[in-house]
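Values reported hereafter were calculated over all heavy atoms of this structure, with side chains retained and with hydrogens, waters and symmetry mates removed. On a predicted model such as this, the values are computed, not experimentally measured, just so you know. Counting starts at 1 for both ligands and their atoms, following the listed order.
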Amino acid sequence: MSTDRFASQRVRAMPDSVFALMDAAKRDARNAGIDVIDLSIGSTDLTPPQVALDAIRDAVHDPTSHGYCLHAGTKPLRDAAVAWYERRYGIQLDPEREALPLIGGQEGFANLLLAVTDPGDAILLPEPGYPSWFGAVALAGLERVPLPLTPENAFLPDLDAIDPAALKRAKVLVLSYPSNPTAATATPTFFAEAVAFAERHDLLVIHDFPYVDLVFGDDDAPSALAAPGGRDRVVELYTFSKSFHMAGFRVGYALGNADALRALAKVKSAVDFNVWSGIQRGAVAALSEPRERLRADAEVYRKRRDALVTTLNEVGIPTDQPAASMYVWTRIPGGETDSVAYATRLVRETGVAVAPGIGFGPSGEGWIRFALVRDEDTLRDAARRMMPHP
Ligand SMILES: Cc1ncc(COP(=O)(O)O)c(C=O)c1O
């Protein structure tokens, strides 16, 4: 039996994951012969771009990719990321100072906190929010000031409602739109106001932006970095996990404030040697994919959203239709509040695995999240299996 005998205070402060309980429930259901439809994790079933896979395959056989990748070796990805940003948002960043490759957004977020905060500083963290944020905040020894996201406020934080004393202690404001788990979006006006707020209170804004390409319709997801004053206040975290279905490859990049990225690069110099340059070549190739491909993938999620949301409403589970992301966030039917009890029972009884809302922070209690990672028919089947008993 393992104990936390050797665990540091930092590690002891990290919350336990409720997803282990879901794993056990899925296993029980499978052992009982139930066909499990796993919608509990945002790991997509779509495939990475062929050009990315080809570039990575070729790199395996190229000895120049086999050594340590120093900062200079990351230049092609920094250049490609900056060129992509200019194409998308019309702003030219400096690839030397305002771009940094990451081993995924999750790694970037955790190391960025170590880079720009000291233990005891406060962080303004939206809730419900991405689970690994909570662990990263604990590892950095920060005081977490939750920013409640409620349907009444379109799942946007009310910055004016933050306790002034906590605000004084805060160094960082975290934002993330399109949002996981709420699937909400933000407007350029919201980001302009948030960056102005960060200026007034001397905060760094971390905009976690994995769903940049998963917006339904013709509009681009707004970039916080593109807001007025953004380059002075914002670091934006990008990943290849969602736009390009390369989650297992562990690659992303940060764009934004040069001082914050310099500090992040210093932390990373003690921790890692950059993602393998072969994967970086795959990432560069992915960024050259035409916009139509990204729109076509978003369209797959839009159709899945329609299939799931329509059927949930038909079977008596009232659910709003989100405008972006690969998630659907809804209240547990029947007003039940214990999301872990509901989700574990649901998978054992019906085979439908969803993420319990409390996994995204205490204010997620009473909610569940579906990931749109199966085809439309399977999603309809899942919704029908969930029909509440009269
Ligand atoms: C908000 C948010 N940040 C970060 C990540 C992780 O991204 P990566 O795979 O690049 O670490 C996810 C993945 O679901 C996410 O939803």
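For an aromatic pair to be called close, the ring centres must be under 6.0 Å apart, and Tyr327 with Tyr211 satisfies this. Note: Trp329 and Phe370 fail the aromatic proximity criterion, with ring centroids not under 6.0 Å apart. For His207 and Tyr177, the distance between ring centers is not under 6.0 angstrom.
Side chains of Gln280 and Asn274: no donor on one and acceptor on the other come within 3.5 Å. Checked by atom type, the side-chain pair Thr44/Tyr301 shows a donor-acceptor distance below 3.5 Å. Between Tyr238 and Glu236, the side chains place a donor N or O and an acceptor N or O closer than 3.5 Å (distance only, hydrogens not considered).
Sorted by chain then number, the residues whose non-hydrogen atoms approach ligand 1 to under 4.0 Å are Gly104, Gly105, Gln106, Tyr130, Ser176, Asn180, Asp208, Pro210, Tyr211, Thr239, Ser241, Lys242, Arg250, Tyr327.
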